[in-house]
> 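Below are the C-alpha cells for one structure; questions will follow.
Heavy atoms only: backbone and side chains are in, while hydrogens, waters and symmetry mates are out. Every chain is numbered from 1, with letters handed out A, B, ... down the list of sequences.
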Amino acid sequence: MQNITGTSDIFGEALEKFVFVENTARDYFSSLGFEEIRTPIIEYQEVFTKSLGDVSDIVMHQMYSFEDKDGSQVVLRPEGTAPAVRFYIKNLQYSKPRSKIFYIGPMFRREKPQKGRYRQFHQIGCEIFGFGSGESDSYLIYIADSFLKKLGVESIALVNSIGCRVCRPRYIEQLREYTYSKDLCPDCVRRREKNPLRVLDCKIDAEKLNDAPAISDYWCEDCKYNFDKVCKYLSDFSVKFRHETKLVRGLDYYTGLVFEFYHKDDMKSAILAGGRYDFLVEFMGGKPTPACGFAMGIERLINFIQMPSRAPRGGVFIAYTEDTREFAFWLFRSMKESKDLLRQKKVIDEKYVRIVEEFTKGRLEINLDPSRGLKSQFRQADSEGYKFIFIIGMEEVSGKFISVRDLEKSEQFQISLQDFRTFLQ
RNA sequence: GUGGGUGUAGCUCAACUUGGUGGAGCAUGGGACUGUGGCUCCCAGGGUUGCGGGUUCGAGUCCCGUCACCCACCCCA
C-alpha cells in the first residue's frame, strides 16, 4: 500500500512548518481585514474552464475530473481564484461589493511531481474585489511582501503590467510578428499562436528574444500611469522589487498588473504569484468588478522556513509505580480538571506558582504503561521535553508528599500532598 | 507528457575493481544504576535488498519490465 503519486502524508517537522505558516497567515490577513472562506474541494468543471481559459495547460491536461452520478462533470479544484470569484458573485457582490477575502487549502493538479510541485499541494490566497486603483495593487504586493518577512523568508518581487484590453492586443500582434523573424524552439512555435506572451517565458530561447518588443512600449496612458504609480508606492512601502519586462502569467484571466515573488537564493520557482483580473467577475456572470489577488504555495514556502531548533521545556509528566497507579490517576484527573487556579488565587504558596502554571497552561500527561520502570518513564518525559516529573511511588503515598523533579535544573524536591490538595479541590 | 538519475532496517548510508551466507551510525526497546532523564558502556528487536520476470550452480550486484522518488524540460504556487 502506498499513497497516490505526488501526494504525501504531512507530519512531524513539515507539519509544524505547515501549521506555523497557516496560523501566521490567518492571524496576519485577519488583522488586515481579510475574511477567511473555505470553498469546496470539488467544483463543477466549468468554474475552471470558464475562468482559466480552455487552452491553458491546467484545463487541458492537469485537472482531476470525473463524471458525477448525475452526469455532471466535476473536478478537484486546481487553484483558488475561480472558486473565490464564484463565491464572491454568489455571496458578496451585492451585500459587500468591496471585499477582501483569503483562503487556505489543498489544490490538485495532475502534473509530474518534482521538488516544490506535487499533485496535491496547498495554497494560501488573498483576493480583493471592488478596488481598481494602483493603490490597491501596491497594497496587495506590500502585504504579500510583509507576510513573507513575517515568516522570515527573504524574497524579491518581480512586477510587470501585461496591459489592458486596449493596449495588449496591439502588443500581442507586434510580438507575434516579431517572433516570425526568429528561429524558435518547437514549444515556442506552438505557443506563438496560442499564447504569444508565454514565448517570453521560454528558457531555451531567452537570449534570442533579448530585442523582443517590450509591453511597456505599448502601454496605453492609463496602464502606464497606473504602473508608475504602483512602482512609486512600492518604493514608499520599501518593498524589494524589480520591473521585469518579460514577466507574464500562465492563466488567461490576468489583466494589467502581474507579479511574482521568489526566494532571493532561488529564482527558479515562484513562491507567491498574482495579479489583477478586472474582467473575471463579469466573465463568470457577476457585475463588472475590478479584482486583484495572489496565491502562495505552502510546500514551496516551507523549504525556506527555519523553525526554532528546540522548544523550551514545559509541562508536567506524572510517573508512578505499579502499586500507586490508582492514586496517580486520581491526581492526574484532579489536576486536569482544576482550571484557573491562579486566577482564583487558590495558589497561596509562592513556590507552587510555577508548577501550577506548567500544568494548567501547558502540557500534563501521565504514564500509560504501569509495567514500565521509572527509568523508562523518565526517558520519555525527557525526550518529549517535559519540565517537571511528578513522582508517585509507595514512599510518596505513605509519606503523603509528591516528589517533583525539575528536568531542566536537575533538581528534586518534595511538596506536601496536603498543601497540594487544598487548591485542587 | 519528454529526457536523465536513484531505490538496501524507522532515518542516513556501506557491502570494493570482477556476482559467492547483507553491515554500521542514528533512532527505538532493555540493562549496567532492582525508585531517577541527558553523558558513557553493553545487549536486543527489527530486512520477501521497491515489485515482477530473465541470465546463472548462485543475483542487493548483470539484463528487461514495472512502480515510486529526485533532477531537468514542460507547467505553475
> Just need the stems in RNA chain B: three or more back-to-back Watson-Crick or G-U pairs, each with both distances under 3.5 angstrom, sorted by first number.
B:1-7 with B:67-73, B:10-13 with B:23-26, B:28-32 with B:40-44, B:50-54 with B:62-66
> Taking the side chain of A/Arg405 as its heavy atoms from C-beta onward, which of B/rC70, B/rA77, B/rU36 lies nearest to it?
B/rU36
> With the side chain of A/Arg300 defined as its heavy atoms from C-beta on, choose the nearest nucleotide among B/rG37, B/rG35, B/rA77.
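Of the options given, the side chain of A/Arg300 lies nearest B/rA77.
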> Applying a 4.0 Å non-hydrogen cut-off, can you work out what A/Ala381 is touching in the nucleic acid: base, sugar-phosphate, or nothing?
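It contacts nothing in the nucleic acid.
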> When the nearest nucleotide of RNA chain B is assigned to A/Gly6 and to A/Glu395 on a heavy-atom basis, which residue is associated with the more 5' position?
A/Glu395
> Over how many whole Å does the gap from A/Phe388 atom CZ to B/rG37 atom P extend?
18 Å
> For A/Arg117 and B/rC76, what is the distance between atoms CZ and P respectively, to the nearest whole Å?
10 Å
> Look at all strands and tell whether A/Glu79 reaches a base, only sugar-phosphate, or nothing, counting heavy atoms closer than 4.0 Å.
nothing
> What is the nucleic acid contact for A/Arg109, judged by heavy atoms within less than 4.0 Å: base, sugar-phosphate only, or nothing?
base
> Which is true for A/Met394 with a 4.0 Å heavy-atom rule: it touches a base, it touches only sugar-phosphate, or it touches nothing?
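Base contact.
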> Ignoring hydrogens and angles, does a donor from either the side chain of A/Ser410 or the base of B/rG37 sit under 3.5 Å from an acceptor on the other?
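In this structure, the two groups form a donor-acceptor pair.
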> For the side chain of A/Gln412 and the base of B/rU36, is some donor closer than 3.5 Å to an acceptor across the two?
yes
> Do the side-chain N or O atoms of A/Lys112 get closer than 4.0 angstrom to the phosphate oxygens (OP1, OP2) of B/rC74?
no
> A/Lys375 NZ to B/rG30 P: how many Å, rounded?
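Result: 10 Å.
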> A/Gln123 side chain: which of B/rC74, B/rA77, B/rC69 is closest?
B/rA77
> Look at the side chain of A/Arg379 against the base of B/rG38 and say whether a donor-acceptor pair falls under 3.5 Å; ignore hydrogens and angles.
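Under the 3.5 Å cut-off, the side chain and the base do not form any donor-acceptor pair.
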> Counting side-chain heavy atoms from C-beta on, which of B/rG38, B/rC75, B/rG30 comes nearest to A/Asp382?
B/rG38
> Between A/His243 and A/Phe227, how do the two ring planes meet: parallel, tilted or perpendicular, split at 30° and 60°?
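If you compare the ring of A/His243 with that of A/Phe227, the planes turn out tilted.
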> Over 60° means perpendicular and under 30° means parallel, so classify the ring planes of A/Phe147 and A/Tyr28, tilted if in between.
parallel
> Are A/Glu36 and A/Phe29 packed together at the side-chain level, in the sense that at least one heavy-atom pair is separated by less than 4.5 angstrom?
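They are not in contact (no side-chain heavy atoms under 4.5 Å apart), so the answer is no.
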> Is any side-chain N or O of A/Gln380 under 3.5 Å from a base N or O of B/rG29, one able to act as donor and the other as acceptor?
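When only heavy-atom distances are counted, A/Gln380 does not reach the base of B/rG29 through any donor-acceptor pair under 3.5 Å.
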> Between B/rU61 and B/rA14, how far apart are the C1' atoms? Round to whole Å, please.
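Taking atom C1' in both B/rA14 and B/rU61, they lie 14 Å apart.
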> So what does A/Thr5 hit on the nucleic acid, given a heavy-atom distance under 4.0 Å: a base, only sugar-phosphate, or nothing?
sugar-phosphate
> Counting any heavy atom closer than 4.0 Å, what does A/Glu384 reach on the DNA or RNA strands: base, sugar-phosphate only, or nothing?
nothing
> B/rG35, B/rA77, B/rG37: which one has an atom nearest the side-chain heavy atoms of A/Tyr254?
B/rA77
> Have a look at A/Gly116 and say if it touches a base, only the backbone sugar-phosphate, or nothing, with a 4.0 Å heavy-atom cut-off.
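Result for A/Gly116 = base.
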> Need one value for A/Gly385: base, sugar-phosphate or nothing, where a base atom within 4.0 Å counts as base even if backbone is also close, heavy atoms only.
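A/Gly385: no heavy atom of the nucleic acid under 4.0 Å.
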> Say whether, by atom type as modelled, one donor and one acceptor occur between the side chain of A/Ser235 and the main chain of A/Cys231 under 3.5 angstrom.
yes
> For a quick test of your reading: what N or O donor-acceptor pairs under 3.5 Å do the side chains of residues 366-374 of chain A make, sequence neighbours left out?
| residue | atom | partner | partner atom | Å |
| --- | --- | --- | --- | --- |
| A/Asn367 | OD1 | A/Asp369 | N | 3.1 |
| A/Asn367 | OD1 | A/Arg372 | NH1 | 3.2 |
| A/Asn367 | ND2 | A/Asp369 | O | 3.1 |
| A/Asn367 | ND2 | A/Gln377 | OE1 | 3.3 |
| A/Asp369 | OD1 | A/Ser371 | N | 3.1 |
| A/Asp369 | OD1 | A/Ser371 | OG | 2.7 |
| A/Arg372 | NE | A/Ser376 | OG | 2.8 |
| A/Arg372 | NH1 | A/Gln380 | OE1 | 2.6 |
| A/Arg372 | NH2 | A/Ser376 | O | 3.2 |
| A/Arg372 | NH2 | A/Ser376 | OG | 2.9 |
| A/Arg372 | NH2 | A/Gln380 | OE1 | 3.4 |

> What orientation do A/Tyr142 and A/Tyr139 show, parallel under 30°, tilted 30 to 60°, or perpendicular over 60°?
tilted
> Give the nucleotide from the list B/rC69, B/rA77, B/rG37 with an atom nearest to the side chain of A/Arg313.
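Among B/rC69, B/rA77, B/rG37, the one nearest the side chain of A/Arg313 is B/rG37.
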> What contact category does A/Leu407 fall into here, base, sugar-phosphate, or nothing, at under 4.0 angstrom with non-hydrogen atoms?
base
> Would you measure the distance from the P atom in B/rA24 across to the matching atom in B/rA9 and give it in whole Å?
15 Å
> Both A/Tyr262 and A/Ile392 contact RNA chain B. Which one's nearest nucleotide lies toward the 5' end?
A/Ile392
> Check this one for me: any side-chain N or O of A/Gln377 less than 4.0 Å away from OP1 or OP2 of B/rU36?
no
> Side-chain N or O of A/Ser403 less than 4.0 angstrom from OP1 or OP2 on B/rG35?
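Checking A/Ser403 against B/rG35: no side-chain N or O falls below 4.0 Å of OP1 or OP2.
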> From NZ of A/Lys115 over to C1' of B/rC71, roughly how many Å is that when rounded to an integer?
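Going from NZ in A/Lys115 over to C1' in B/rC71 covers 11 Å.
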> Considering only heavy atoms from C-beta outward, does the side chain of A/Thr39 approach that of A/Tyr103 to under 4.5 Å?
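Not in contact.
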> Given atom CZ of A/Phe48 and atom P of B/rA77, what is their separation to the nearest angstrom?
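From A/Phe48 CZ to B/rA77 P: 13 Å.
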> Does A/Leu374 reach a base, just sugar-phosphate, or nothing at all? Heavy atoms under 4.0 Å.
base
> Does B/rC75 have OP1 or OP2 sitting under 4.0 Å from an N or O in the side chain of A/Arg110?
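Answer is no, no contact under 4.0 Å.
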> Determine the contact category for A/Ile298: base if any of its heavy atoms lies under 4.0 Å from a base atom, sugar-phosphate if only primed atoms, P, OP1 or OP2 are that close, otherwise nothing.
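Here A/Ile298 touches no strand at all.
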